[in-house]
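Heads up: the structure comes next, in C-alpha cells.
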Amino acid sequence: MISPLARRLRLGRAIRELREASGMTGAALGREAGLDRTAVSKVENGERRPLDTILRILDVLLPESDDRYRAPQRVARDGLAKGWWTEAKYAAMGDRQARTADIEAGARAIREYQNSLLPGLLQTEAYARHRGQVALDDGADFDLSGTVAGRMRRQLQVSGPDGSEYDVVLEPQAIERLPVPPAVMREQLHHLLDLATTRENVSVRILPVDARLGRGYVPRSPFSLYAYPDPEDLTLVAVDTVTTDLLVTEAQEAQRYARLFDQLRDAALSPEASADLIQKAADLVAADA
C-alpha cells in the first residue's frame, strides 16, 4: 500500500488548487458543501476526514462527469486505508512512530541523513531497547516494548522482499560513539555491515570529518526524504527533533532537502570504503569490550 498520509496530502493539494482556480475561499467552499467552516482546511492539510466529507467538497468543485473527478476520488479512498500500524498488537508503538510508519509505507526510495545515532530502520532490537530505556530515564513517556516491536516491524519496509531503495548517510560518530553498552554496539555494527554489504537496495555511506561539502552547508538536524512510485504523490521530508518530526510537504522546500542530501552523499565515502570503516569501528569495540 502507498502511505495513506501521502495520499491525503496529495488530495489536499489537488483540492486547494481546484478551489483557488475557481476563485473560492475555503469558507465559501465549506458553505457550498454544507460543511463546518474548518472542514475544507482540514482536508487541504491532509487530516483524516470521512469519505463523505471529501466527496461533498469534490462535488462542489467538479461535476461527476468531469474526467478529473475520478483521480481525486480514488486518492481519497487510498488516504483512508488503514495500515499495519493501526493493528491492535502495535497500538503501543506510539503516535509518533505510527506516523513515521505511515510515511514509509509504499515508499519507492528513502534517503536519510543521521548525525549522531543509527536510524530506526537499521537498529537491532537490543540497540533500540537500550536507547528507549535511556529516553524513559530522561523523562519520556511511552511503552518500551510496544515501541521496540513497532520499530522491528517497520524494518520490513527495507528488509522485505520488495524493500524500498534505502540510501543513508551517517556522520562518523554514529558508528564510533558508544550510546549503548559495547556488546550491544558490536552486535549493532555487525548488523549494519551485513545490511550494507548484502542488501542490494541498501546503501550506507559515512561522511568523514574532513569531507569537502561543496557550498559548505551542513544540516542542523537529521532528516529523511520519501519518494513514492506515483510521480503525482508528493516527496515528503521528515526533520527529526528531540520530541517530534517536522513534516515538510512544500515542493520547493523538499527540493532543497533533496539537493542537500545529494551534496552530503557526494561528499561521503563510497559504500565500500564506508563498509571498511564500519568494520574497523566494530573491531575497536570488540577490542575494548
Side-chain angles (χ1 to χ4, degrees), residues 1-11 46-51 75-110 112 114 117-166 168 179-181 183-185 187-188 190-192 194-195 198-199 201-202 222 224 226-229 233 236 238 240-247:
M1 67 181 300
I2 298 297
S3 162
L5 175 58
R7 285 297 164 98
R8 293 198 302 273
L9 290 168
R10 170 179 168 179
L11 175 69
E47 295 185 34
R48 184 181 288 273
R49 296 286 97 191
L51 181 60
V75 172
R77 295 182 188 278
D78 290 346
L80 296 176
K82 293 185 177 181
W84 63 264
W85 53 91
T86 66
E87 296 174 11
K89 63 180 177 179
Y90 294 111
M93 70 187 288
D95 292 343
R96 181 180 182 183
Q97 188 170 204
R99 185 170 181 250
T100 299
D102 187 334
I103 297 170
E104 291 167 344
R108 172 183 55 80
I110 301 173
E112 192 157 20
Q114 274 284 349
L117 297 169
L118 291 170
L121 291 175
L122 299 176
Q123 293 177 8
T124 63
E125 182 173 348
Y127 185 101
R129 187 170 297 278
H130 184 88
R131 292 303 306 157
Q133 187 61 57
V134 169
L136 287 173
D137 294 343
D138 195 41
D141 182 18
F142 57 88
D143 183 292
L144 181 57
S145 294
T147 296
V148 173
R151 186 155 299 175
M152 296 301 102
R153 175 60 179 81
R154 280 175 49 214
Q155 293 180 2
L156 290 178
Q157 185 61 42
V158 170
S159 62
D162 298 314
S164 305
E165 295 178 18
Y166 186 50
V168 60
V180 296
V184 174
M185 191 65 182
E187 177 194 40
Q188 172 65 73
H190 286 151
H191 175 67
L192 176 63
D194 180 63
L195 289 173
T198 65
R199 295 283 310 187
N201 62 310
V202 176
S224 307
Y226 305 89
Y228 303 95
D233 285 322
L236 304 182
D240 187 1
T241 71
V242 173
T243 58
T244 191
D245 294 313
L246 306 177
L247 191 62

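Quick caveat: nothing in here was measured; it's all calculated off a predicted structure. The figures that follow rest on heavy atoms only: side chains count, while hydrogens, waters and symmetry mates do not.
Minimum heavy-atom separation, Phe142 to Gly132: CZ-O, 3.3 Å. Taking all atoms of both residues into account, the shortest heavy-atom contact from Pro229 to Ile2 is CD-CD1, 3.7 Å. Between Arg48 and Leu80, the shortest heavy-atom contact is NH1-O, 3.1 Å. For the residue pair Gln157 and Ala107, the shortest heavy atom distance occurs at NE2-N, 3.7 Å.
For Glu125, the CD atom is loosely surrounded, since the number of other residues' heavy atoms within 6.0 Å does not exceed 12. Within 6.0 Å of the CG atom in Asp137, the count of heavy atoms belonging to other residues, nucleotides or ligands exceeds 12.
A salt bridge links Asp233 with Arg7: the distance from a Lys NZ or Arg NE/NH1/NH2 to an Asp or Glu carboxylate oxygen falls below 4.0 Å. Look at Arg96 and Asp240 and you find a salt bridge, because one of the NZ, NE, NH1 or NH2 atoms lies within 4.0 Å of a carboxylate O, short of that distance. Taking a cutoff of 4.0 Å between a charged side-chain nitrogen and a carboxylate oxygen, Arg8 and Glu47 do not qualify as a salt bridge.
Residues Leu195 and Tyr166 are not in side-chain contact: their nearest non-hydrogen atoms beyond the backbone lie 4.5 Å or more apart. Taking 4.5 Å as the limit, every side-chain heavy atom of Ser145 sits out of range of all side-chain heavy atoms of Val148. Residues Leu5 and Tyr226 have side chains not in contact (no heavy-atom distance under 4.5 Å, counting atoms from C-beta outward). Within the 4.5 Å cutoff, no side-chain heavy atoms of Asn201 are placed close to those of Ser164.
Between the side chain of Arg10 and the backbone N or O of Val75, no donor-acceptor pair lies under 3.5 Å. Using modelled atom types, no side-chain atom of Asp245 and backbone atom of Ala238 make a donor-acceptor pair closer than 3.5 Å. Between the side chain of Gln155 and the backbone N or O of Gln123, at least one donor-acceptor pair lies under 3.5 Å. With Thr86 contributing its side chain and Lys82 its backbone, the two residues share no donor-acceptor pair below 3.5 Å. Here the side chain of Thr124 pairs no donor or acceptor atom with the backbone of Gln188 at under 3.5 angstrom. In this structure, Ser3 contributes its side chain and Asp102 its backbone to a donor-acceptor pair below 3.5 Å. In terms of modelled atom types and a separation under 3.5 Å, the side chain of Glu165 and the main chain of Arg108 share no donor-acceptor contact. Gln97 places a side-chain N or O within 3.5 Å of a backbone atom of Thr147 that can act as its donor or acceptor partner. At least one donor-acceptor pair closer than 3.5 Å links the side chain of Arg199 to the backbone N or O of Ser159. Using modelled atom types, no side-chain atom of Arg99 and backbone atom of Gly94 make a donor-acceptor pair closer than 3.5 Å.
Because its NZ or CZ atom is both nearer than 6.0 Å to the ring centre of Trp84 and within 45° of the ring axis, Arg153 counts as a cation-pi partner of that residue.
Distance check, rounded to the nearest 0.5 Å: CZ of Arg154 to CZ of Arg151 gives 6.0 Å.
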